[in-house]
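Written out below as structure tokens is the structure these notes cover.
Computed from a predicted model, the values in this text were never measured in an experiment.
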Amino acid sequence: ARSVSVCPFSLPLLSELSRGHSDLFVTCSTNDIRVWYTPERLERLRITVPNVTCHAVEVTRDGMVIVSAWNDGKIRTFVPATGEPMYEINNAHNLGVTAIAATSDCKQIISGGGDGQVRIWNIGEKTQKLREVLKEHRGAVSCIKINKNDKEGVTASLDGTCVIWDLVRYVRKQMILDNTLFKCVCYHPGEYQIITSGTDRKIVYWEVLDGSAIREVQGSLSSSINGMDITSDGASFVTGGDDHLVKLWDYKEGTVTHVGVGHSGNITRLKICPANKYIVSVSADGAVLIWK
């Protein structure tokens with residue numbers, strides 16, 4: 001592992017969403033968002049917003065917009081190349097914006113809040129309008145994922161539910177219940193299954209069609225799992241959490257193939273780059289580790 005230092009809470013790879021930039025990734029934390037250049041472990045850009053905390057950040061698929069979720073209830077967007085502000089959505093959620101995702105056509109943003117609401121925003125050239133409010137969760141939304149054709153999405157919540165949504169009719173398709181605080185969810189690339197994890201230390205595979213649990217494995221012996229990501233071919237996935245370990249898993253077998261030791265703080269997020277060259281993990285003590 002190689003390390004760079006920052007104080008992040010959430011981390012999507014710029015490369016996952018912006019074609020042709022496989023060596024860039026983005027982190028966010030209290031007061032700022034940072035763009036990093038992986039090969040040289042250099043900070044390329046810092047976007048500072050004083051006295052507020054960024055809970056989540058994503059880059060639109062066309063690579064033109066950084067979309068970010070903040071504890072003051074605002075959604076803020078920036079130009080990735082320069083860090084210049086683009087637009088803000090004020091009062092997006094009452095108890096802060098806790099999760100964020102953008103559709104692949106870049107025409108909608110889906111946000112989750114501390115209030116448990118999921119909100120869909122229509123994004124025009126000069127306008128940002130609230131399209132729909134989805135009310136199923138009773139606790140903070142921790143993670144949002146959208147499928148490839150933008151017609152379905154899944155949201156995870158600290159209330160012990162994951163909801164699979166129809167994003168055409170804006171209705172619930174399935175609700176998954178478990179005795180945990182869900183911290184993370186991922187679609188398998190085939191989009192017929194999702195995997196979840198959280199405070200109960202379990203990794204559970206679920207059928208998207210009917211919401212049934214089909215496999216359960218022990219993700220950690222001691223503590224919460226806070227982040228996960230899956231390879232583009234669906235063969236492997238990676239997890240990290242309060243045990244400070246990065247674990248690489250075989251998806252079909254449900255077994256650990258590699259363990260990364262290096263973090264001294266709780267791992268908050270991790271991401272696999274699209275070319276499977278790197279895994280990037282971040283922890284609450286301010287460390288960013290890059291794994292080959």
Go through Thr161 and Ile176 one step at a time and tell me if the side-chain contact (heavy atoms from CB on, under 4.5 Å) criterion holds. CA-CA 5 Å; Thr161 65; Ile176 291 165; over 6 Å; no

Please evaluate residues Leu42 and Trp36 with respect to the criterion side-chain contact (heavy atoms from CB on, under 4.5 Å), reporting the C-alpha separation (whole Å), side-chain torsions for both, the decisive distance (0.1 Å), and the verdict. CA-CA 6 Å; Leu42 292 177; Trp36 302 86; over 6 Å; no

Would Ile146 and Glu152 satisfy side-chain contact (heavy atoms from CB on, under 4.5 Å), going step by step from the backbone distance to the final call? CA-CA 6 Å; Ile146 305 170; Glu152 182 185 277; over 6 Å; no

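Heavy atoms from other residues, nucleotides or ligands lying under 6.0 Å from CZ of Arg215 number more than 12. Around the CG atom of Asn179, the shell of radius 6.0 Å holds no more than 12 heavy atoms that belong to other residues, nucleotides or ligands.
Under the side-chain contact (heavy atoms from CB on, under 4.5 Å) criterion, Ser236 pairs with Thr231, Leu248, sequence neighbours left out. With sequence neighbours excluded, the residues forming a side-chain hydrogen bond (donor to acceptor under 3.5 Å, both in side chains) with Asp72 are Arg76, listed by chain and number. Take Ser104 and apply the side-chain hydrogen bond (donor to acceptor under 3.5 Å, both in side chains) test, not counting sequence neighbours, and it matches Asp150. A search for ring-ring contact (aromatic ring centres under 6.0 Å, His included) contacts involving His258 returns nothing, not counting sequence neighbours. Under the rule for a ring-ring contact (aromatic ring centres under 6.0 Å, His included), the partners of Tyr205 that lie at least two apart in sequence or sit in another chain are Tyr251. Residues passing the side-chain contact (heavy atoms from CB on, under 4.5 Å) test with Asp200 are Asp178, Thr180, Lys202, sequence neighbours excluded. Trp121 is linked by a ring-ring contact (aromatic ring centres under 6.0 Å, His included) to nothing, counting only residues two or more places apart in sequence or in another chain. Annotation: salt bridge (charged side-chain N to carboxylate O under 4.0 Å, His left out) contacts of Asp250 (sequence neighbours excluded): none. Residues passing the salt bridge (charged side-chain N to carboxylate O under 4.0 Å, His left out) test with Lys183: none are found, sequence neighbours excluded. Scored by the side-chain contact (heavy atoms from CB on, under 4.5 Å) test, Lys145 finds Cys143, Val154, Val185, Cys186, Tyr187 as partners (sequence neighbours excluded). For the salt bridge (charged side-chain N to carboxylate O under 4.0 Å, His left out) test, residues two or more places apart in sequence or in another chain that qualify with Arg172 are Glu136.
Using a 4.5 Å heavy-atom threshold, the side chains of Ile267 and Val282 count as separate. In this structure, the side chains of Gln117 and His137 stay at 4.5 Å or more apart for every pair of heavy atoms. In this structure, the side chains of Trp206 and Ile214 stay at 4.5 Å or more apart for every pair of heavy atoms. Side-chain contact between Tyr278 and Pro39 is present, with at least one heavy-atom pair separated by less than 4.5 Å. Taking 4.5 Å as the limit, some side-chain heavy atom of Ile230 sits within range of a side-chain heavy atom of Pro189.
Panel note: side chain Ser223, backbone Asp243; a donor-acceptor pair is recorded below 3.5 Å. In this structure a side-chain-to-backbone donor-acceptor pair under 3.5 Å is missing from Thr53 to Asn71.
Judged purely by distance below 3.5 Å, without hydrogens or angles, the side chains of Trp165 and Thr155 pair a donor atom with an acceptor atom. Side-chain contact annotation: Asp210 with Gln174, donor-acceptor N/O pair under 3.5 Å absent. Ser264 and His244 form no side-chain donor-acceptor contact under 3.5 Å, judged by distance and modelled atom types alone. No donor-acceptor contact under 3.5 angstrom links the side chains of Asn51 and Asn31, judged on distance only.
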Would you be so kind as to tabulate the donor-acceptor pairs closer than 3.5 Å made by side chains of residues 123-133, with sequence neighbours excluded?
none

